[in-house]
Amino acid sequence: TRASVTHPDAHVGVSCGSGSRTGSFLWTNPGFWRARIDGQGSYLRFRKPSHLPSPHGIDSGQRVCLDPPTKPFPGDEDPCEKMKIVNESFTKGGSGSVKLIPDNAEDMWQLFNLLRVDDHCEAVTFRKVTRGGVGAGGDSGGRGSGESERIKVKLKVLVTSVTYDGDGEAIRVKGRNTTETEHVKLGAYHTLDIDTQRPVTVTKSLWDTIDVDRLRYASSPTANADVAVLLITEGLANIFLVGASVVSHQQKVEKQMPRKTGAAGLGYDKALSTFHKNVLSAVLTKVDLEKIKCLVVAGPGFAKETFLSWCDLESQRFGSSSASGNVSGGTSTTTTTTTSQASSKPDQTLGTFAKHRKKIVQTHCSSAFRGALKEVLETTTVAREIGNTKAASEIKALDVFFETLSSKPDRALYGPAHVFAANELGAVETLLIQDGMFRNPDANQRRRWVALTEEVATAGGTVFVFSSAHESGRQLGEITGIAATLRFPLPDLVDAELPPIEGLDGLAVDANEA
């Protein structure tokens, strides 16, 4: 059987018969189809629709939809999103480079922490140039000398600054060009915009322990802990995606609610229904229910129960998991799109919500603002979902520290001066440090932080490097960004007034809530 295969968003449309892109369409016993496109090497495999017995039962020209597999196929690459290491040539404690492809927001955060001043960064970028002259930053022609155009060029820059855009999931790397090219002069300043799915090469004169561990962790298939959280109260909802290192705010939904009593009460039910509809639409747009481990609906009072009850009624009314109705109850048509922007967003309906209803859990929290996220992440249900991930271990370690600080204050301390002093005495059992400490522009000061973590680990202690983009890291940042629990009591040191260590204070990323 011949097939034509296209990729519209989350599904794959397969038209049997003639088509511009043809290939072998095969049947496999475990209940999967796989398509070999244009006779090329790799196969794409998809789960067989239950209503179709085999490919031979499809008429020529008939269009069907195949759901992507929810579990990896034997021998296939793990579909879990993770940073891909294309090539690496460095030694721990030495110089070298690594070429990698960031896949998601987690990877972008790890890459941001890898890049520092005086590193070399190489990536494909766009440069505005004038025909007959050199581009901006090194142009040899005057104004009006020709038409300007944007060209694609591969540049390697010596990094002078790095900024991170958490909302746009992008990194801006500013530096001086070290690549000989006709369009950009050597030494000219240029800013590389690093995005997901675009290769980038990082070259360092020194790959220390923190850099190597971060790279290994980012490329580990077990690193992610993708949980979506909907914090909701009457008239206000906030949607967050919680990863292993990054908590990203996806959308805020607000609706002014009239009073329940009096003349205004006549419009209350309508306003509440509109609010629920807007929240559900935001969830289906921002949260990929196919990929996440669970969606936690939390908030004070009964707003969460009311919202989920409304969603269940809408699902029953407008379709089941096999229906294709939109949030307003209408039907959606299958369209094919080739734009990367459209394919990056989940194409979901009320049927998708009903299909993954078992992934949705509810729990109580004190508010619908970001500050309540820590309460949600500490609940038993969510802790079970994120399992033995980095995020879970950090939350637990921070809880143990605060419990020790409360019950045994002579065995817990925080602040650079106190932690360094405790380490000199060999007393640090568990070190909690925020990754913002390692973004010190002074290489010598950074080496002091790296040496501290290495000494604690060598002495048999445990080191937790907290992400300042995660709730636990933000909380640690509020107490200077570094803390420790001790092997034995040190009451004199805990109570001592120590002068700050020059260059080591104030490095934790600001922990103000978004």
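For this chain, numbers begin at 1 and follow the sequence in order.
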field: Option from Asp119, Ile210, Leu215, Val98 for which side chain to side chain contact (heavy atoms under 4.5 Å, CB included) with Leu114 holds
entry: Leu215
message: Would the distance check show the side chain of Lys255 and the main-chain N or O of His276 forming a donor-acceptor pair, the cut-off being under 3.5 Å?
response: no
Side chain Thr179, main chain Leu155, donor-acceptor under 3.5 Å: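 Not a single qualifying donor-acceptor pair exists.
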With rounding to the nearest 0.5 Å, note down the distance linking [atom1] in [X] to [atom2] in [Y].
X      : Y      : atom1 : atom2 : answer
His249 : Leu231 : NE2   : CG    : 8.5 Å
Asp208 : Thr453 : CG    : OG1   : 8.0 Å
Leu432 : Ser472 : CG    : OG    : 9.0 Å
Leu100 : Gln110 : CG    : CD    : 11.0 Å

Flag the pair [X] / [Y] as yes when at least one side-chain heavy-atom distance between them is below 4.5 Å, and no otherwise.
X      : Y      : answer
Met108 : Ile171 : yes
Thr125 : Thr191 : no
Arg116 : Val162 : no

- request: Show your reasoning for whether side-chain contact (heavy atoms from CB on, under 4.5 Å) applies to Thr349 and Leu284.
  value: CA-CA 7 Å; Thr349 64; Leu284 294 178; 5.7 Å; no
- prompt: So which pairs with a foot in residues 407-427 pass side chain to side chain donor-acceptor pair (under 3.5 Å), sequence neighbours left out?
  reply: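 Non-adjacent pairs meeting side chain to side chain donor-acceptor pair (under 3.5 Å): Asn423-Glu455.
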message: Would you call the rings of Phe307 and Trp310 parallel, tilted or perpendicular, taking 30° and 60° as the class edges?
response: parallel
task: Kindly assign one of parallel, tilted or perpendicular to the pair Trp207 and Phe90, based on the angle between their ring planes and the thresholds 30° and 60°.
output: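 If you compare the ring of Trp207 with that of Phe90, the planes turn out parallel.
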field: Carboxylate-amine/guanidinium contact Lys355 Glu290, below 4.0 Å
entry: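 Yes, charged N to carboxylate O under 4.0 Å.
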Minimum heavy-atom distance Ala237-Val279, with the two atoms named: CB-CG2, 3.8 Å
message: Minimum heavy-atom separation for Lys304 and Ile232, please, with both atom names.
response: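 Looking at all heavy atoms of both residues, the closest pair is CA-CG2, 4.0 Å.
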- request: Would you please say whether a donor-acceptor pair under 3.5 Å links the side chains of Ser315 and Arg357?
  value: no
